[in-house]
Amino acid sequence: MTRVLVVDDEPQIVRALVINLKARKYEVDAAPDGATALELAANRHPDVVVLDLGLPDMDGVDVIKGLRGWTRVPILVLSARHTSDEKVEALDAGADDYVTKPFGMDELLARLRAAVRRAEPVGGGDGDVVVVETEAFTVDLAAKKVHRDGRDVRLTPTEWHLLEVLVRNGGRLVSQKQLLQEVWGPSYGTETNYLRVYMAQLRRKLETDPSHPKHFITEPGMGYRFER
């Protein structure tokens, strides 16, 4: 059974989430603040976290950072903060998705199911994703190889690293800053021209129609998403 940790200091929202989640056979833990959330996460090991950013004792972004210090559990942010900068900050810290209050329960539950699915191993094996297949190419993460039309595709180390980060976050928006820092290093964060150049190279090598990409999707001003 999937265990959900709900972190919010608004009792009516917590109550609504608990009722709806339990009705759909989820196990639910609830925390009214960041400290309780981190303690429950360590003790109960949830399969997904639904997190409000406006907590009474600490900012929700700090909770995300605390969780990402030791776990890859999917984190679905639920917040009244609407600006792109605030959304990007949460994504950069390690959130997987962002739902703005007020929200529709059906949409939230659909996003939660998607986050849980993305966290599951692909191919039915144990542990991390090893092979990811699309209609155009196959990525073997263990062997660090890409196959297209029965042949190996030659990628530079930087192209491979960029591809790997996107594939391991399949279906999830990865911010420009996160990509730059993971691929080029922590001192990079604003050199978005690097991303444009290397994404163009990946599309040219892997997309069937690079000018209309199906797998390497740009979210303008935000980042990139890999779709199978």
Side-chain angles (χ1 to χ4, degrees), residues 2 47-48 68 70-76 87-88 91-98 110-228:
T2 301
D47 298 295
V48 61
R68 284 291 172 257
W70 63 275
T71 179
R72 293 295 302 164
V73 62
I75 300 172
L76 176 60
K87 292 180 180 181
V88 168
L91 293 167
D92 280 342
D96 294 87
D97 205 347
Y98 197 110
R111 298 279 195 97
L112 187 145
R113 290 192 298 270
V116 172
R117 280 198 305 272
R118 290 197 296 269
E120 293 173 348
V122 174
D126 295 330
D128 291 337
V129 174
V130 175
V131 177
V132 176
E133 295 185 3
T134 75
E135 62 184 28
F137 57 89
T138 300
V139 182
D140 187 331
L141 293 169
K144 298 196 177 210
K145 289 185 177 181
V146 184
H147 305 280
R148 182 180 180 188
D149 300 328
R151 300 178 182 178
D152 286 347
V153 179
R154 297 177 66 88
L155 298 181
T156 68
T158 300
E159 289 169 351
W160 169 260
H161 198 172
L162 182 60
L163 173 66
E164 183 179 29
V165 173
L166 289 168
V167 168
R168 289 192 183 277
N169 289 280
R172 171 187 164 196
L173 172 65
V174 185
S175 71
Q176 295 174 341
K177 182 178 178 181
Q178 181 183 343
L179 278 171
L180 285 165
Q181 292 184 338
E182 288 202 33
V183 176
W184 281 273
S187 61
Y188 293 81
T190 60
E191 294 80 355
T192 54
N193 57 307
Y194 289 16
L195 292 174
R196 286 194 294 273
V197 170
Y198 278 90
M199 288 301 298
Q201 291 174 193
L202 279 180
R203 287 170 176 149
R204 189 165 57 251
K205 291 183 178 183
L206 299 178
E207 291 276 8
T208 302
D209 183 357
S211 61
H212 298 90
K214 294 178 61 177
H215 306 292
F216 300 103
I217 309 302
T218 301
E219 299 281 357
M222 299 282 285
Y224 298 88
R225 187 190 304 270
F226 171 73
E227 297 286 359
R228 285 193 289 166

Can Asp140 and Val146 be said to form a side-chain contact (heavy atoms from CB on, under 4.5 Å), step by step? CA-CA 6 Å; Asp140 187 331; Val146 184; over 6 Å; no
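Within the 3.5 Å criterion, the main-chain N or O of Val73 finds a donor-acceptor partner in the side chain of Arg68. Using modelled atom types, no side-chain atom of Gln176 and backbone atom of Gly221 make a donor-acceptor pair closer than 3.5 Å. One N or O on the side chain of Thr134 and one on the backbone of Ala136 form a donor-acceptor pair closer than 3.5 Å. The closest donor-acceptor contact from the side chain of Glu164 to the backbone of Leu141 lies at 3.5 Å or more, if one exists at all. In terms of modelled atom types and a separation under 3.5 Å, the side chain of Arg172 and the main chain of Ala95 share a donor-acceptor contact. Checked by atom type and distance alone, the side chain of Arg203 never pairs as donor or acceptor with a backbone atom of Ser211 at under 3.5 Å.
Residues forming a ring pair (Phe, Tyr, Trp, His ring centres under 6.0 Å) with Tyr224 (at least two apart in sequence, or on another chain): none. Glu159 pairs by the salt bridge (Lys or Arg N to Asp or Glu O under 4.0 Å) definition with Lys205, not counting sequence neighbours.
Between the CD atom in Glu207 and the CE atom in Met199 there is a gap of 8.0 Å [rounded to 0.5 Å]. Atoms CG and CG, on Leu206 and Leu163 in that order, are 6.5 Å from each other to the nearest 0.5 Å. The NZ atom of Lys145 sits 13.0 Å away from the OG1 atom of Thr138 when rounded to the nearest 0.5 Å. Atom CG in Leu195 sits 4.0 Å away from atom CG in Leu180 (nearest 0.5 Å). Leu166 CG to Ile217 CD1: the interatomic distance, rounded to the nearest 0.5 Å, is 10.5 Å.
Taking 4.0 Å as the cut-off between side-chain N and carboxylate O, Glu219 and Arg225 count as a salt-bridged pair. Salt bridge Glu135/Lys214: present, at least one basic N to carboxylate O contact under 4.0 Å.
By the 4.5 Å heavy-atom criterion applied to side chains, Leu173 and Asp97 are not counted as neighbours. Val139 places a side-chain heavy atom less than 4.5 Å from the side chain of Trp160. At least one side-chain heavy atom of Arg228 sits less than 4.5 Å from a side-chain heavy atom of Val132.
Using cut-offs of 30° and 60° for the angle between ring planes, the Phe137 and His215 rings count as perpendicular.
A centroid separation of less than 6.0 Å is found between the aromatic rings of Trp184 and Tyr198.
Counting only N and O atoms by type, the side chains of Asp152 and His147 include a donor and acceptor under 3.5 Å apart.
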